[in-house]
Amino acid sequence: MAEVQIGPWKPHRPRGPIAALYCSPGPKYALPGNTGYNQHDPSKYRAPSYSFGSRRFKFVDNCSPGPGYLVPANITMKGKDGTPAYSLYGRPKDLNAFRTPGPGSYCPERAGKSAYRSVPMYSLGARTKTFSNDQTPGPAAYMLPTVLGPKIVNRSSAPNYSLTGRSKIGSFHEDLQKTPGPGTYRVVEPATYKFKPPQYSMTARNSLPGDTTQKPGPGAHSPERVVLSRPHAPQFSFGIRHSEYVAPLIVDVVD
């Protein structure tokens with residue numbers, strides 16, 4: 001094959017080993033670290049590790065008065081001293097001024113029945129609303145009992161007769177088809193009260209079990225493609241366009 005020259009560079013064999021010839025996974029695999037406690041390198045010595053605890057919370061913010069409180073002068077080692085103490089306050093004011101009623105505030109003539117006897121008094125008031133909704137039955141709402149027919153309350157009634165239609169039962173036009181015939185009753189099976197003979201049933205023919213899968217025929221095989229049992233010519237394939245020896249294109253964009 002003829003060598004193709006790309007620009008000023010011409011393909012040739014490297015003079016010495018280069019890194020592109022030896023591929024490695026690179027930093028894909030991360031080695032365990034030598035610091036910290038978790039995921040430490042087991043082949044290295046691991047020093048003891050200590051942790052900082054959290055600060056305990058206070059149950060009560062004001063736990064004790066401390067040395068900054070002031071002891072009152074009247075407090076002794078046995079408690080408060082018994083010397084009486086007095087204080088001066090202003091006179092409290094009434095919330096509402098009390099007004100005593102005078103002689104002219106009373107009206108004895110209006111005492112009414114509570115002080116002396118009086119004649120009956122009547123007043124005319126408006127009609128209440130209940131009368132407008134009171135549906136009292138009038139004289140025409142009542143019905144006197146009838147004097148004709150069998151339903152007389154206070155006297156005996158004459159015999160009553162009624163006319164009815166002709167009955168079809170027993171007449172010349174009676175429908176006799178409603179009478180059950182011999183086919184209406186179900187015949188009891190003889191095997192119920194006699195010896196029961198053997199019974200046989202006829203079923204469909206059972207097909208023999210077989211293989212229903214589709215088998216390949218003679219034309220389904222390609223013996224000319226078999227290369228395991230005989231030598232064959234070499235085969236070549238087209239590779240990718242880029243190469244590991246070519247540096248990536250870096251374009252500096254200047255604003």
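Residue indices begin at 1 and follow the sequence shown.
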Ignoring hydrogens and angles, write down the donor-acceptor pairs under 3.5 Å from the side chains of residues 202-221, residues two or more places apart or on other chains.
{"unit_1": "D211", "atom_1": "OD1", "unit_2": "T213", "atom_2": "N", "d": "3.1"}
{"unit_1": "D211", "atom_1": "OD1", "unit_2": "T213", "atom_2": "OG1", "d": "2.9"}
{"unit_1": "D211", "atom_1": "OD2", "unit_2": "T213", "atom_2": "OG1", "d": "3.0"}
{"unit_1": "D211", "atom_1": "OD2", "unit_2": "K215", "atom_2": "NZ", "d": "2.7"}
{"unit_1": "T213", "atom_1": "OG1", "unit_2": "K215", "atom_2": "NZ", "d": "3.0"}
{"unit_1": "K215", "atom_1": "NZ", "unit_2": "T213", "atom_2": "O", "d": "3.4"}

For [X], what residues pass the side chain to side chain donor-acceptor pair (under 3.5 Å) criterion, not counting sequence neighbours?
X	answer
N38	none
S171	H173
K168	none
N34	none

Inset, instruction - Using modelled atom types only, decide if a donor and an acceptor are shared between the side chain of S222 and the backbone of R225 within a distance under 3.5 Å. - result: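 It does not hold such a pair.
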
Inset, instruction - Tell me, please, which residues at least two apart from D81 pass salt bridge (charged side-chain N to carboxylate O under 4.0 Å, His left out). - result: none

Distance (rounded to the nearest 0.5 Å) between [X] [atom1] and [Y] [atom2]:
X	Y	atom1	atom2	value
K194	K196	NZ	NZ	15.5 Å
S43	R46	OG	CZ	12.0 Å
E224	R230	CD	CZ	8.0 Å

Legend entry - Heavy-atom closest contact (T35 atom, H40 atom, distance):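 So the two residues come closest at N-CD2, 4.0 Å.
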
